[in-house]
Amino acid sequence: MFIVCWLFKNVSSNSVAQKIYVELNNTVPCVRLLNATHQIGCQSSISGDTGVIHVLESEADLEWPLSKGPNPPYMVLLESSLFTNWNTLTVTIVHPPEFSPHTTCPNENTGVYTETYDHNLAHCNTTVWNPRGNGLSYEEFDFPVFSLKEDNETEVIKQVRSHFKGDVLFYSISYPLCAMQLFSHMYAVTDTATCMRRGSIDFSTSPVMVCNPLGDYNVCAFIRPYNSTAFGHKENESVVVAAARLDSRAFFLQDSTGAEGSVSGFVTLLAAAQALREATQEAPPTRNILFAFFHGEVFDYIGSSRMVYDMKNNKFVIDLDNVHSILEIGQVAVRSGTNLFLHSDPVSRRNNTIHDEVTNLVKNLQSSTAGLNFSFVETGFSQPLPPSSFQRFLRARAIPGIFLADHQTAFNNRYYESFYDDAAHLNLTYPSNLSPEEQLEFVTDTAKSLTEVATAVARALFKQAGGNNSQVNNINADPKTVTQMLYGFLVRSNNSWFQALMAPELKDLPHQANALTYLVQYLLANLTGTATNLTQSQCKKPDELPNESTYMYSYFWVQGMVPPNSTQRESFCVRTAVRLAKAVSPAFDLGDYVSKEYSTWTESQWTFIKARIFLVASRDLEMLTLGVGVAVLFTSLLVTYFVSTKADVLFSAVREPNNGAY
């Protein structure tokens with residue numbers, strides 16, 4: 001649901017402003033983003049934008065706020081089916097059949113397919129990956145657009161719609177009117193180069209940043225850790241990279257869940273990492289495996305391009321020459337049948353060595369589905385890779401690799417990079433009689449499906465890394481872990497399982513902006529790490545102990561579960577190879593704000609974000625009030641003038657008699 005107007009009664013306050021306005025909490029604005037060439041997004045005027053709220057029920061009703069309405073300007077609320085390219089404000093009631101505000105060719109200018117690599121495959125010439133995309137998220141709006149997040153917003157919207165029904169259908173006016181004021185003025189304008197230059201000008205002792213580079217952290221873990229301070233090439237080391245992207249976006253950045261777009265992929269990879277834990281410890285494969293979760297991929301591959309840049313410049317623990325092959329997990333939860341598809345790069349496969357390695361990886365994947373209810377099918381060689389982090393590695397050098405997805409050509413995802421790509425899109429449904437804790441444990445059909453995919457991925461990675469084939473059938477993903485992750489990421493992040501895996505100081509993490517990165521970090525640590533007997537103080541300073549080293553491992557003190565019949569958590573220390581790696585575009589390290597090689601996306605700064613509603617009286621009442629006020633003013637002036645001119649009479653001292661009686 002979006003912008004909601006509802007007057008809360010019995011509001012008492014000593015402030016006049018608080019008696020006039022009702023503040024709307026938990027608002028999420030559409031903000032301004034910039035790159036090397038232009039700006040997109042929304043903003044209000046510097047003093048905020050105000051309008052009378054009008055509810056739109058059909059396209060025909062749009063004429064009222066645009067031309068017929070007698071009280072412009074209007075703040076418009078409309079059905080989700082009308083939320084397209086119109087310059088209006090919005091309210092969402094139900095899921096539309098399909099909706100993608102992204103472009104039809106995601107990240108087309110920063111992938112591997114360019115005029116110099118293979119111009120026939122560039123710009124989605126052969127395959128339009130997101131045909132439903134309308135590009136709404138990449139347009140610029142000179143007015144504010146807000147989303148309001150409230151628990152009871154559905155019921156509130158219904159009541160508001162009923163309240164304004166006469167106005168919508170019969171164009172009748174009943175005063176007072178409900179109006180809204182939105183504040184979301186953005187500092188940055190034009191493009192990234194302009195805003196970064198203005199932010200670097202020191203006008204005072206405390207310069208104000210106009211915009212900030214988009215970015216966060218990648219989450220990485222090797223099955224055999226390397227010294228975190230020894231960067232560059234590792235002799236006689238070969239690494240298989242298993243990757244997935246973390247981030248997603250929507251028209252409102254904070255409204256994005258990316259159930260199919262990103263969650264299905266990284267949950268599958270997390271489950272595969274857990275499934276490999278025992279097998280790789282009992283019978284370590286000859287090659288290492290790097291689990292890499294990239295952040296910022298939707299904005300021109302920020303995370304993956306950063307890792308490739310660091311590998312090329314000896315700022316990562318391995319370099320590109322150590323990379324044997326890559327397996328990336330894409331969108332895998334919306335299958336149209338029993339097949340998942342293996343995409344590869346037709347250009348690099350023209351090299352016989354690369355082709356043979358890719359063929360071997362395909363065989364490892366296809367043989368890993370034995371006993372499972374689906375199959376891996378290879379796509380044709382004439383088709384390019386879908387938008388993927390793998391493309392950024394290919395820009396640096398030819399590497400064998402496969403991108404795994406549930407679509408052969410165009411995305412199956414009807415809500416790609418949309419706020420509708422949520423739990424309902426993946427059919428995450430639970431019996432109505434279950435409590436939240438019981439829902440957390442309930443294994444859904446989607447969880448069962450992704451568990452099988454994770455099992456196949458884990459087995460294939462073990463084979464690709466040179467693991468012993470006798471161990472393969474013992475590698476199985478855990479459906480309970482998968483269903484708990486889906487529930488936590490898509491339904492209720494503040495649950496007992498997530499809380500048990502987090503550090504005590506991060507117990508409120510699900511409400512923070514960078515929650516996803518740290519949740520995945522701690523999940524991967526718990527799923528692949530080792531629970532130790534270290535105390536909390538030892539866990540914070542493990543280097544003081546023999547056989548412990550922060551150069552090789554990370555140490556996390558986690559809350560643990562609350563045992564039955566107890567109120568105290570059983571906290572413990574986890575030793576893990578999980579690390580965070582910077583995921584900010586190299587363009588900002590290089591100072592190249594017009595780069596064509598790297599992402600240049602930034603987000604504008606703002607003073608404050610606020611939305612509030614109030615009542616607007618009729619024009620006649622306003623004029624009457626003004627007239628009465630003017631009359632009172634002139635009456636006061638006349639009285640003051642009269643009193644002033646007659647002051648000697650009105651305020652003359654009364655002479656007292658000479659003789660007084662006492």
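What's counted below: heavy atoms across the whole structure, side chains too, no hydrogens, waters or symmetry copies. Sequence positions, counted from 1, serve as the residue numbers for this chain.
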- Task: Apply side-chain contact (heavy atoms from CB on, under 4.5 Å) to the pair I318 and M311, showing each step before the final yes or no.
- Result: CA-CA 6 Å; I318 61 172; M311 285 183 176; 3.9 Å; yes
- Task: For Q464 and H324, run side-chain contact (heavy atoms from CB on, under 4.5 Å): C-alpha distance rounded to whole Å, both residues' side-chain angles, the deciding distance at 0.1 Å, then the answer.
- Result: CA-CA 9 Å; Q464 186 69 7; H324 173 268; 3.3 Å; yes
Which residues satisfy the side chain to side chain donor-acceptor pair (under 3.5 Å) test with [X], sequence neighbours excluded?
| X | result |
| --- | --- |
| E378 | R349 |
| S604 | none |
| R245 | E417 |
| T353 | none |

If the plane angle is over 60° it's perpendicular, under 30° parallel, otherwise tilted; pick one for [X] and [Y].
| X | Y | result |
| --- | --- | --- |
| Y113 | Y117 | perpendicular |
| F316 | F222 | tilted |
| F141 | F251 | perpendicular |
| F293 | F266 | perpendicular |
| H38 | W601 | perpendicular |
| Y593 | F588 | tilted |

- Message: Between D191 and T194, does the side-chain hydrogen bond (donor to acceptor under 3.5 Å, both in side chains) criterion hold? Intermediate values first, please.
- Response: CA-CA 5 Å; D191 53 39; T194 302; 2.7 Å; yes
Would you give the length of the straight line joining atom [atom1] of [X] to atom [atom2] of [Y], rounded to the nearest 0.5 angstrom?
| X | Y | atom1 | atom2 | value |
| --- | --- | --- | --- | --- |
| T126 | D118 | OG1 | CG | 9.0 Å |
| N35 | S585 | CG | OG | 11.0 Å |
| T446 | N427 | OG1 | CG | 5.5 Å |
| S238 | N288 | OG | CG | 9.0 Å |
| E297 | S262 | CD | OG | 11.0 Å |
| F411 | T104 | CZ | OG1 | 10.5 Å |

- Any side-chain donor near an acceptor of the partner, D356 and T359, under 3.5 Å: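 No, no side-chain donor-acceptor contact under 3.5 Å.
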- Message: So if I apply the side chain to side chain donor-acceptor pair (under 3.5 Å) rule between N413 and each of R132, E98, Q331, which one comes out positive?
- Response: Q331
Within the 4.5 Å heavy-atom criterion, are [X] and [Y] side-chain neighbours or not?
| X | Y | value |
| --- | --- | --- |
| L394 | S348 | yes |
| E260 | D406 | yes |
| P346 | L121 | yes |
| L461 | F291 | yes |
| Y187 | M209 | no |

- Task: Examine distances only and state if a side-chain atom of D49 and a backbone atom of L182 form a donor-acceptor pair shorter than 3.5 Å.
- Result: no
- Item | Ion pair check, K315 and D589, cut-off under 4.0 Å |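 No, K315 and D589 are not salt-bridged.
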- Task: With sequence neighbours left out, write down each residue that passes ring pair (Phe, Tyr, Trp, His ring centres under 6.0 Å) with H102, or none if nothing qualifies.
- Result: Y138, Y416
- Task: Please identify each residue that fulfils ring pair (Phe, Tyr, Trp, His ring centres under 6.0 Å) with F376, with sequence neighbours left out.
- Result: F374
- Is the distance between the ring centroids of F99 and Y420 less than 6.0 Å? yes
- Check against side-chain contact (heavy atoms from CB on, under 4.5 Å), F146 and I609: CA-CA 10 Å; F146 274 56; I609 300 295; 3.5 Å; yes
- Message: The test is side-chain contact (heavy atoms from CB on, under 4.5 Å); show your working for T602 and L214 and say whether it passes.
- Response: CA-CA 5 Å; T602 56; L214 292 181; 5.7 Å; no
- Task: Check the pair T409 / Q383 against side-chain hydrogen bond (donor to acceptor under 3.5 Å, both in side chains), numbers first and verdict last.
- Result: CA-CA 8 Å; T409 53; Q383 182 174 274; 5.4 Å; no
